[in-house]
J.: 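Here's a structure for you.
What's counted below: heavy atoms across the whole structure, side chains too, no hydrogens, waters or symmetry copies. Whatever order the structure lists ligands and atoms in, that order sets their numbers, starting from 1.
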Amino acid sequence: MSDDPVYTPAQERVIATIGKDPAPHGAPLPSDLADELKADLETALVPFHDVLPDGKSYENRFFISKQALTDVHSCEAYFVDGRGDFEWNLANSRGTIVHKAIEVSIHTRGTINPTDLVEESISRLANDANKSIADFLVTLDEFSRAELVGDCSSLLTRFLEGFPGIKKQWYPQVESALTVNLAKGRVRVSGKVDLALGRPPDKVIIDLKTGSVFGAHRDDLRLYALLDLLSIGQSPRKVASFYIDSAEIHPEDITEGTLRSAAKRLESGLVRAIELKLHKATAERRPGSNCRWCVHLDSCEAGQAYMTQREEDEGW
Ligand code: SF4
């Protein structure tokens, strides 16, 4: 009897979509692309050196994440202060726990059932004083904890059914940080990759998603590809969003064009973010999906009109 793994059709689809390409096609990237794109970003930041923090310590930097970059390109008022203070809850903690469980599953010998993996992940995160989620997890009552374990176990099971078992030979990286420092350390662009497989130049970066398909998901992945190029000098071969609920994978080949467009988006977003936060420029309001969570919604006419229209479109 063969020891080869038996894959579900969904798992076979993932392998066919992002697996190693024996005959890579597409033009190779110019060898000086990383230097060129980084130089353009540096040039765009020169006018702001005087207002930026001096970058002499970790805290003394202007930080921008993939989420902040998406926000500044959608609604500027939401980017400035519309998000409110972040608080952990049952819904937003699921991703962190399931990612941890996936990480543990790659490095454990033998088979552990999803509920045990989730229990172990919750215990580890709850005991990690460096993680802000710890305070939330240790205060959960028994009922809420059981609910969280149930939700995360279902999600993890779904992931394991749709995504092929990850082998150590694929050089998996889970929740790995990507960072680029600019303007002599005054600016830090950072992201955290859910899953990366393979070694450069065959690397594939994958974001694991629990909801619907959004255009911003593709922008996030292009940003990761750009950060990889700017930091290690080599971009991934491909990026992909894997939607756990539907077991669908949406890939994109990384080309010179995608990297140039990601660099332009980063540059314009970064400049605008600095103008808004440090120059106190007037923030433009652009209604969209963020209105649902925005602390300004009650007093924002544009947001209210958008939500009313949305309810009419989605209602009975
Ligand atoms: S309610 Fe909508 S349009 Fe108004 S500030 Fe918030 S996100 Fe922007």
J.: Nearest non-hydrogen contact with atom 5 (S) of ligand 1 belongs to which option: Ala283, Ser299, Ala77?
T.: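 Going through Ala283, Ser299, Ala77 one by one, Ala77 has the nearest heavy atom to atom 5 (S) of ligand 1.
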J.: Tell me, please, if Cys75 has any N/O/S atom, main chain or side chain, under 2.8 Å from atom 8 (Fe) of ligand 1?
T.: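 So Cys75 counts as coordinating atom 8 (Fe) of ligand 1, yes.
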J.: Tell me, please, whether Phe136 has Lys131 positioned over its six-membered ring: NZ or CZ under 6.0 Å from the ring centre and within 45 degrees of its axis?
T.: no
J.: Considering only the protein, which heavy-atom contact is closest to atom 2 (Fe) of ligand 1, and what is its distance?
T.: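 Ranked first by proximity to atom 2 (Fe) of ligand 1 is Cys291 SG, 2.3 Å.
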J.: For Thr70 and Arg265, which I'm curious about, is there any donor-acceptor pair between the side chains at under 3.5 Å?
T.: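 A pair is found: one side chain offers a donor N or O, the other an acceptor, under 3.5 Å apart.
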J.: How close does the nearest protein non-hydrogen atom get to atom 4 (Fe) of ligand 1, and which residue and atom is it?
T.: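 For atom 4 (Fe) of ligand 1, the nearest protein heavy atom is Cys300 SG, 2.3 Å.
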J.: Side-chain heavy atoms nearer than 4.5 Å, only ILVMFWY residues, links allowed to pass through others: does that put Leu278 and Phe48 together?
T.: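 Hydrophobic grouping puts Leu278 with Phe48.
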J.: What residue and atom, counting heavy atoms only, is the protein's closest point to atom 6 (Fe) of ligand 1, and at what distance?
T.: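 So the nearest neighbour among protein heavy atoms is Cys294 SG, 2.4 Å.
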J.: Do Ser144 and Asp141 meet the criterion of a side-chain donor-acceptor pair at a distance under 3.5 Å?
T.: yes
J.: Could you tell me whether Lys100 and Asp128 make a salt bridge, using a distance below 4.0 angstrom between a side-chain N and a carboxylate O?
T.: no
